[in-house]
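Here is the structure we will look at, set down as structure tokens.
Since we're looking at a predicted model, the values are computed, not measured.
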Amino acid sequence: MVSDHNAQSLANNSPKVESPSASSPAPAAPSTEPNPSATAAPPQANLQTSTDITDDLGQLLSILPPSIRDSVTQHPQRASLVEVVLDLGRLPEARFFNGVEYLSETPVTHADLEHCIERVGTFGGDNRAGIEKTLHRISAIRNRSGTIIGLTCRVGRAVFGTIGMIRDLVETGKSILMLGRPGVGKTTALREIARVLADDLQKRVVIIDTSNEIAGDGDIPHPAIGRARRMQVARPEEQHRVMIEAVENHMPEVIVIDEIGTELEALAARTIAERGVQLVGTAHGNRLENLIKNPTLSDLIGGIQSVTLGDEEARRRGSQKSVLERKAPPTFDIAVEMLERQRWVVHDDVTVTIDNLLRGRQPGQQIRTVDENQKVIITHELPGSGREVSKPSRSGLGWRAAGQMMPPNSPSRRSLDNGSYLRASLGSDAPLPQPRSEWMELLEPADDREDLENALGDSLRLYPYGVSRHQIERVIQTMGMPVVITKDLDNADAVLALRSHSKTQAKLKHMAQGRNLPVHLVKANSIPQITRALQRLLRLDDDPESVNLELFTHSGGEDELEALEEARLAVEQIVIPKGQPVELLPRSARIRKMQHELAEHYRLKSLSCGEEPNRRLRIYPA
């Protein structure tokens, strides 16, 4: 709400005040019932936002030719007028929030343009002029000889209460960058932020008003900025110099700047931020992605540089060796994307957002809207999910992040196929079997381990390190395991590594501990070892007597299946129950390797004996 001091100032200085909200019923009291679609918002956000609008529309209409002025004055949508456009030889237009209409059937003449020009202030180097003690902006279009042939008369409104959606962010003292398309209300929000910081938070605020759009035309600033001070800029190209001058001469706590558009202004903004001054500004661009692609303004978000990665780092990231990275901390701590007038996207940590965007990831974001009762609703969108959730949720973040894996039950595995068994296991409530140290080693402190980690129904993201990706995919596909292989260690829930990589073990341990990831070691790059590791990782029962022969085949041919079936029968009918060694029929080296892996699955030793072409497998009891 407007303070008493500001209300009195407005009454004294504004010839005419239009307050559409004054005639509307008061907003309903905030509901005491919990809103299932809203997060626990900060205290300021849970309060209702009440807006008062001052537009001094009568003074803008007074500069228009009589016929055009009468059309606007009698228009039913007058309160939502955005701008009046007068182009020589064309019909005059009135642009509203929801459409455009012609104001007359008579084209605009030179006399109409001169009528407007005589009643406004002097046009500056940016071809903008204003009306003294108002926030209206008149922009000119000139021909080659410098004659004005078009005018855009923008309505300037002071909307008190418009920053209720982000007031909690303003009070943190962090630098805030506002982004949005033209006409979405960036300058209006900036004006209200300056007033809140100066009046409500009692801070020393200086506004760098290049085009007199924030505090209005004339030497006396509009009362909408409260106690904030305004520094005018003689020429637009000197804006960066005035920014530095404001810090050096006037000891501000907050600098407010509209439309940062050049490299020098971006550098000046960084200088101000590094001197400990809170910076609130707007920049050209709808989203943060636009600033990344804009070399002129990229310094606002830390600057972008191309770096060459080492082989190991490129392999870990799963990217090319030449990548883009942020080269410095962002100038602004918080970014607000004003998608619509009542729907803003907040990035409360610009550093994290930019790093995610540069790595090709979709960052999470906070969306703030205002409902019909003027209550702020805060929702969250998960990284890469493309959907909004009512509160920060761990679903969709992978097994380890979710931390809600349901332990496996103990139905007879023989009664189910592998895929059905896994699906049934993930939905049961039986206690988890303890992992065996000989098959799994965790390279992180036991006290810091979350109970491994666990799924809500999403797939486990596994990062292989020295282990055959092809072998892992075979096990996953054949066993129907809910596992996805990832090339990005930052997105992984666990690491599967080969024990023999002892030279890189220290580096692997360092990388995993830095990301709080469990590392599972396998002795050999074989199907049985990988299968056991994944079963332990998923906390599934390891039943060596249950085997899927397709897991050990290469092509799935009849000769392979026949040889594996021979080995299985020998193990289950002779070696295990009778404790006697068995020699199998002669096979090729390729098939003998499959039989070796099958014997290893049963945790039995096997050797090849004899000479080619009669070389065969001998399986020994445990």
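Every residue meeting the side-chain hydrogen bond (donor to acceptor under 3.5 Å, both in side chains) condition with R241, not counting sequence neighbours, appears here in chain and number order: E238, E245. In terms of the salt bridge (charged side-chain N to carboxylate O under 4.0 Å, His left out) criterion, D217 has no residue partners (sequence neighbours excluded). By the salt bridge (charged side-chain N to carboxylate O under 4.0 Å, His left out) test, E248 pairs with R275, sequence neighbours left out. Residues satisfying the salt bridge (charged side-chain N to carboxylate O under 4.0 Å, His left out) test with R287, not counting sequence neighbours, are E337. Take H250 and apply the side-chain hydrogen bond (donor to acceptor under 3.5 Å, both in side chains) test, not counting sequence neighbours, and it matches no residue. Qualifying side chain to side chain contact (heavy atoms under 4.5 Å, CB included) partners for A273, counting only residues two or more places apart in sequence or in other chains: T331. Here D348 pairs with nothing under the side-chain hydrogen bond (donor to acceptor under 3.5 Å, both in side chains) rule; sequence neighbours left out. In this structure R204 satisfies the side chain to side chain contact (heavy atoms under 4.5 Å, CB included) test together with M251, E253, sequence neighbours excluded. Every residue meeting the side chain to side chain contact (heavy atoms under 4.5 Å, CB included) condition with V196, not counting sequence neighbours, appears here in chain and number order: I163, R167, E192, D200. Evaluation of the side chain to side chain contact (heavy atoms under 4.5 Å, CB included) rule for P66 yields R69, H115 as partners, not counting sequence neighbours. Every residue two or more places apart in sequence or in another chain that forms a side-chain hydrogen bond (donor to acceptor under 3.5 Å, both in side chains) with Q232 is listed here: N212. For R90, there are no salt bridge (charged side-chain N to carboxylate O under 4.0 Å, His left out) partners two or more places apart in sequence or in a different chain.
Not one N or O on the side chain of D299 forms a donor-acceptor pair closer than 3.5 Å with the backbone of G303. Formation of a donor-acceptor pair under 3.5 Å by the R181 side chain with backbone atoms of E340 is not found in this model. A distance-only check finds a donor-acceptor pair linking the side chain of D209 to the backbone of A215 [under 3.5 Å]. With hydrogens and angles ignored, the 3.5 Å screen pairs a side-chain donor or acceptor of D349 with a backbone N or O of T351. Not a single donor-acceptor pair under 3.5 Å links the side chain of K327 to the backbone N or O of I304. Without hydrogens or angle criteria, R227 side chain to A198 main chain gives a donor-acceptor distance under 3.5 Å. Of the possible polar contacts, one joining the H75 side chain to the Q77 backbone as a donor-acceptor pair under 3.5 Å is found. In terms of modelled atom types and a separation under 3.5 Å, the side chain of D56 and the main chain of T134 share no donor-acceptor contact. Side chain of H136 to main chain of G156: a donor-acceptor pair is present (N/O by atom type, distance under 3.5 Å, no hydrogens or angles). At least one donor-acceptor pair under 3.5 Å links the side chain of R368 to the backbone N or O of M165.
Counting heavy atoms of neighbouring residues, nucleotides and ligands inside a 6.0 Å radius, atom CZ of R229 does not exceed 12 of them. Shown here is Y102, whose OH atom has no more than 12 heavy atoms of other residues, nucleotides or ligands within 6.0 Å. Around atom CD of E263, no more than 12 heavy atoms belonging to other residues, nucleotides or ligands sit under 6.0 Å away.
Of all non-hydrogen atoms in P295 and S298, the two that sit nearest each other are O-OG, 3.4 Å. Across all non-hydrogen atoms, the minimal contact from L300 to A269 is CD2-CB, 4.1 Å. Considering all non-hydrogen atoms of both residues, A246 and P252 come closest at O-CD, 3.3 Å. When all heavy atoms are compared, the tightest approach of P92 to S104 is CG-CB, 3.7 Å. Scanning all heavy atoms of the two residues, the minimum distance from E132 to Q59 falls at O-NE2, 4.0 Å. For F96 against R78, the heavy-atom pair with the smallest separation is CE2-N, 4.4 Å.
Here the side chains of L357 and E289 are in contact, with some heavy-atom distance below 4.5 Å. The closest side-chain heavy-atom distance from E83 to C153 is not below 4.5 Å. Side-chain contact between F123 and I117 is present, with at least one heavy-atom pair separated by less than 4.5 Å. Side-chain contact check for V233 versus I208: some heavy-atom pair is nearer than 4.5 Å. Within the 4.5 Å cutoff, side-chain heavy atoms of L190 are placed close to those of I214. The closest side-chain heavy-atom distance from K203 to Q278 is below 4.5 Å. Taking the side chain as every heavy atom from C-beta outward, F332 and I301 never approach each other to under 4.5 Å. Using a 4.5 Å heavy-atom cutoff, the side chains of V254 and V206 are not in contact.
Using modelled atom types, one finds no donor on one side chain facing an acceptor on the other under 3.5 Å when comparing R343 with T369. No donor-acceptor contact under 3.5 angstrom links the side chains of H380 and Q365, judged on distance only.
Atom CG of L197 and atom CD1 of I176 lie 7.5 Å apart (nearest 0.5 Å). For the atom pair L177 CG and H347 NE2, the distance stands at 10.5 Å (nearest 0.5 Å). In this structure, L297 CG and L179 CG are separated by 9.5 Å, a value rounded to the nearest 0.5 Å. Rounded to the nearest 0.5 angstrom, Q342 CD and D371 CG are separated by 10.0 Å. To the nearest 0.5 Å, atom CE of residue M231 and atom CD1 of residue I257 are 10.5 Å apart.
Taking a cutoff of 4.0 Å between a charged side-chain nitrogen and a carboxylate oxygen, R95 and E93 qualify as a salt bridge. Looking at R270 and E274, a side-chain N of the basic residue comes within less than 4.0 Å of a carboxylate O on the acidic one, giving a salt bridge. Salt bridge R230/D219: absent, no basic N to carboxylate O contact under 4.0 Å.
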Residue pair T187, D258: steps toward the side-chain hydrogen bond (donor to acceptor under 3.5 Å, both in side chains) verdict
CA-CA 7 Å; T187 304; D258 195 12; 2.9 Å; yes
side-chain contact (heavy atoms from CB on, under 4.5 Å) between L201 and E171, worked out:
CA-CA 8 Å; L201 303 182; E171 293 179 352; 3.8 Å; yes
Could you walk me through whether K133 and H222 satisfy the side-chain contact (heavy atoms from CB on, under 4.5 Å) test, starting with their C-alpha distance in whole Å, then the side-chain angles of each, then the deciding distance to 0.1 Å, before giving a yes or no?
CA-CA 6 Å; K133 295 184 180 180; H222 194 279; 5.7 Å; no
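Just one residue in the list L151, I138, L103 forms a side-chain contact (heavy atoms from CB on, under 4.5 Å) with V84, and that residue is L103.
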